[in-house]
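Being a predicted model, the structure only gives us computed values, none of them experimental.
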Amino acid sequence: PAALVDLPTFNSDVLDPSRSDGDLAVQACADDPQVAFHAIRNLTRIGRGVVTLRWSQLGFGRTSTTSPVGQTPRNLMGFKDGTNNLKSDETSELDAHVWVGAGDGPAWMRNGSYVVVRRIRMLLEVWDRSTLGDQEQTIGRSKEVGAPLGERVEHTPLDLAARRDGKLVIPADAHVRLAAPETNHGIKLLRRGYSFTDGIDPVRNQLDAGLFFIAYQRDPRTGFIPVQERLARTDALNEYIRHETSGIYAVPPGVRPGGYVGETLLST
């Protein structure tokens with residue numbers, strides 16, 4: 001598909017080629033990580049001689065909600081993540097921003113989506129040395145309740161024009177400002193990321209932990225790529241994170257009763 005483009009190199013990238021890309025992506029989810037582990041193990045065993053496991057990432061605890069009910073989860077930096085994420089009941093928004101339409105490309109991708117995955121290492125030792133005020137200015141929200149700076153309720157709409165003493169309440173380089181649809185021509189992504197922790201980095205003697213970013217969109221060329229290009233240039237959060245792995249994949253539409261994943265492609 002024309003939309004399945006190679007991701008460009010962004011300013012904040014420090015990618016490990018051995019843990020990036022690949023031809024086929026499989027996501028296994030379970031309440032118990034042992035179940036997910038054995039699902040991948042058995043798929044690898046079944047495919048031996050035909051496919052080789054290139055890289056994998058174990059994650060835990062969803063870091064952004066897609067449900068209209070329940071609390072917004074927190075990431076490893078301690079902030080609520082995904083307050084303004086698309087929700088499962090916003091069908092018109094999902095049609096506009098997530099699901100591939102009839103005229104978007106090959107017929108086998110209709111009602112499918114494109115997913116971008118990024119292993120984003122959080123430099124938690126550096127983050128923990130910063131003050132609460134600096135952290136909130138970096139994100140653009142309060143750490144305690146997740147409200148936009150200057151507000152008291154989490155789901156209060158962002159007021160990007162608000163000023164106090166002549167200065168922007170939400171700084172010009174705050175993460176929420178640069179990622180907001182209002183500053184990105186209305187672009188919205190469906191994020192379903194997870195936290196990860198892989199022990200200690202022996203080179204730096206620091207935690208190897210962060211966010212395994214997963215985002216679905218109708219077209220990466222008008223979705224993730226322009227948003228990330230903007231974030232990579234001026235996001236204050238770049239001081240505390242490092243993008244280490246990357247991949248982009250076409251996700252076929254859902255399975256009908258009696259069908260199988262990829263049937264729209266393989267039956268044509």
Side-chain angles (χ1 to χ4, degrees), residues 16 18-83 85-91 94 98-99 111-122 124 189-201 207-217 224 241 243-266:
D16 179 355
S18 68
R19 293 198 298 178
S20 295
D21 303 318
D23 297 316
L24 181 67
V26 176
Q27 181 178 358
C29 299
D31 292 332
D32 187 331
Q34 184 170 191
V35 177
F37 169 80
H38 283 293
I40 298 299
R41 174 172 170 261
N42 278 298
L43 287 170
T44 304
R45 177 183 56 80
I46 293 168
R48 188 170 295 134
V50 179
V51 294
T52 301
L53 184 63
R54 178 177 174 86
W55 62 285
S56 66
Q57 180 65 56
L58 182 65
F60 64 92
R62 269 195 309 174
T63 57
S64 28
T65 181
T66 57
S67 170
V69 297
Q71 293 187 343
T72 307
R74 295 182 184 270
N75 59 33
L76 295 185
M77 286 179 162
F79 276 76
K80 291 191 174 186
D81 198 335
T83 296
N85 198 19
L86 287 170
K87 302 298 189 292
S88 58
D89 63 337
E90 297 176 315
T91 53
L94 295 174
V98 178
W99 307 126
N111 297 323
S113 190
Y114 294 92
V115 63
V116 171
V117 300
R118 310 272 285 180
R119 183 184 194 272
I120 304 175
R121 170 89 167 271
M122 292 178 175
L124 294 173
L189 307 173
L190 177 66
R191 292 179 290 130
R192 288 180 62 85
Y194 294 84
S195 294
F196 73 85
T197 177
D198 290 331
I200 300 293
D201 178 350
L207 286 170
D208 184 4
L211 167 67
F212 193 59
F213 174 91
I214 303 174
Y216 295 86
Q217 64 246 263
F224 173 80
I241 61 175
H243 293 247
E244 296 184 334
T245 76
S246 180
I248 180 170
Y249 308 95
V251 184
V255 180
R256 297 182 182 277
Y260 57 89
V261 175
E263 183 176 9
T264 53
L265 169 64
L266 299 177

S.K.: Taking all non-hydrogen atoms of both residues, which atom of Thr245 and which atom of Phe212 are closest, and how far apart?
M.R.: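 So the minimum-distance heavy-atom pair works out to OG1-CE1, 4.4 Å.
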S.K.: Just so I know, are the side chains of Ile200 and Asp208 near enough to count as touching, which here means a heavy-atom distance under 4.5 Å?
M.R.: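 No, every pair of side-chain atoms sits at 4.5 Å or beyond.
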S.K.: Could you list the residues that satisfy salt bridge (Lys or Arg N to Asp or Glu O under 4.0 Å) with Arg118, not counting sequence neighbours?
M.R.: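 Partners of Arg118 under the salt bridge (Lys or Arg N to Asp or Glu O under 4.0 Å) test: Asp13.
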S.K.: For Phe196 and Ile120, work out which heavy atoms get closest and say how close.
M.R.: CE2-O, 3.7 Å
S.K.: Could you give all pairs that pass the salt bridge (charged side-chain N to carboxylate O under 4.0 Å, His left out) test and reach residues 244-258, with sequence neighbours left out?
M.R.: Arg119-Glu244, Arg121-Glu244, Arg242-Glu244
S.K.: Any chance you could measure Lys87, atom NZ, to Asp89, atom CG, to the nearest 0.5 Å?
M.R.: 8.5 Å
S.K.: Please name all residues satisfying side-chain contact (heavy atoms from CB on, under 4.5 Å) with Gln27, sequence neighbours left out, ordered by chain then number.
M.R.: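 Only Cys29, Tyr194, Ile214, Tyr216 meet the side-chain contact (heavy atoms from CB on, under 4.5 Å) criterion with Gln27.
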S.K.: Does some side-chain heavy atom of Val51 sit less than 4.5 Å from a side-chain heavy atom of Leu24?
M.R.: no
S.K.: Does any N or O in the side chain of Ser246 come within less than 3.5 Å of the main-chain N or O of Ser20, such that one atom is a donor and the other an acceptor?
M.R.: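 It does not hold such a pair.
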S.K.: Tell me, do Leu190 and Val98 make a side-chain contact under 4.5 Å, heavy atoms counted?
M.R.: yes
S.K.: Taking only residues two or more places apart in sequence or in another chain, which ones pass side-chain contact (heavy atoms from CB on, under 4.5 Å) with Ser195?
M.R.: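 Residues passing side-chain contact (heavy atoms from CB on, under 4.5 Å) with Ser195: Phe60, Thr63, Leu76.
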S.K.: Look at the aromatic rings of Phe213 and Phe224 and report parallel, tilted or perpendicular, splitting at 30° and 60°.
M.R.: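 Ring orientation of Phe213 relative to Phe224: tilted.
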S.K.: Please report the shortest heavy-atom distance between Thr66 and Arg62, naming the atom on each side.
M.R.: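 Closest approach of Thr66 to Arg62: OG1-NH1, 3.3 Å.
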S.K.: Testing Leu265, Asn111, Val261 for side-chain contact (heavy atoms from CB on, under 4.5 Å) with Pro253, which one passes?
M.R.: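 Single pass found, and it is Asn111.
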S.K.: Quick one: side-chain contact (heavy atoms from CB on, under 4.5 Å) partners of Thr44, sequence neighbours excluded?
M.R.: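 Per chain and number, Thr44 pairs via side-chain contact (heavy atoms from CB on, under 4.5 Å) with Ile40, Leu53.
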S.K.: Would you name the heavy atoms of Gly22 and Tyr249 that are closest together and state the gap between them?
M.R.: O-CE2, 3.4 Å
S.K.: Is any side-chain heavy atom of Met122 closer than 4.5 Å to a side-chain heavy atom of Leu211?
M.R.: yes
S.K.: To the nearest 0.5 Å, how far apart are CG in Leu86 and CG in Leu189?
M.R.: 8.0 Å
S.K.: Applying salt bridge (charged side-chain N to carboxylate O under 4.0 Å, His left out) as the test, list every pair that has at least one member in residues 18-45; sequence neighbours left out.
M.R.: Asp16-Arg19
S.K.: If you take all heavy atoms of Ala30 and Ala36, which pair is closest and at what distance?
M.R.: CB-N, 4.0 Å
S.K.: Any sub-3.5 Å donor-acceptor pair from Asn85's side-chain atoms to Arg191's backbone N or O?
M.R.: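 Checked: pair present.
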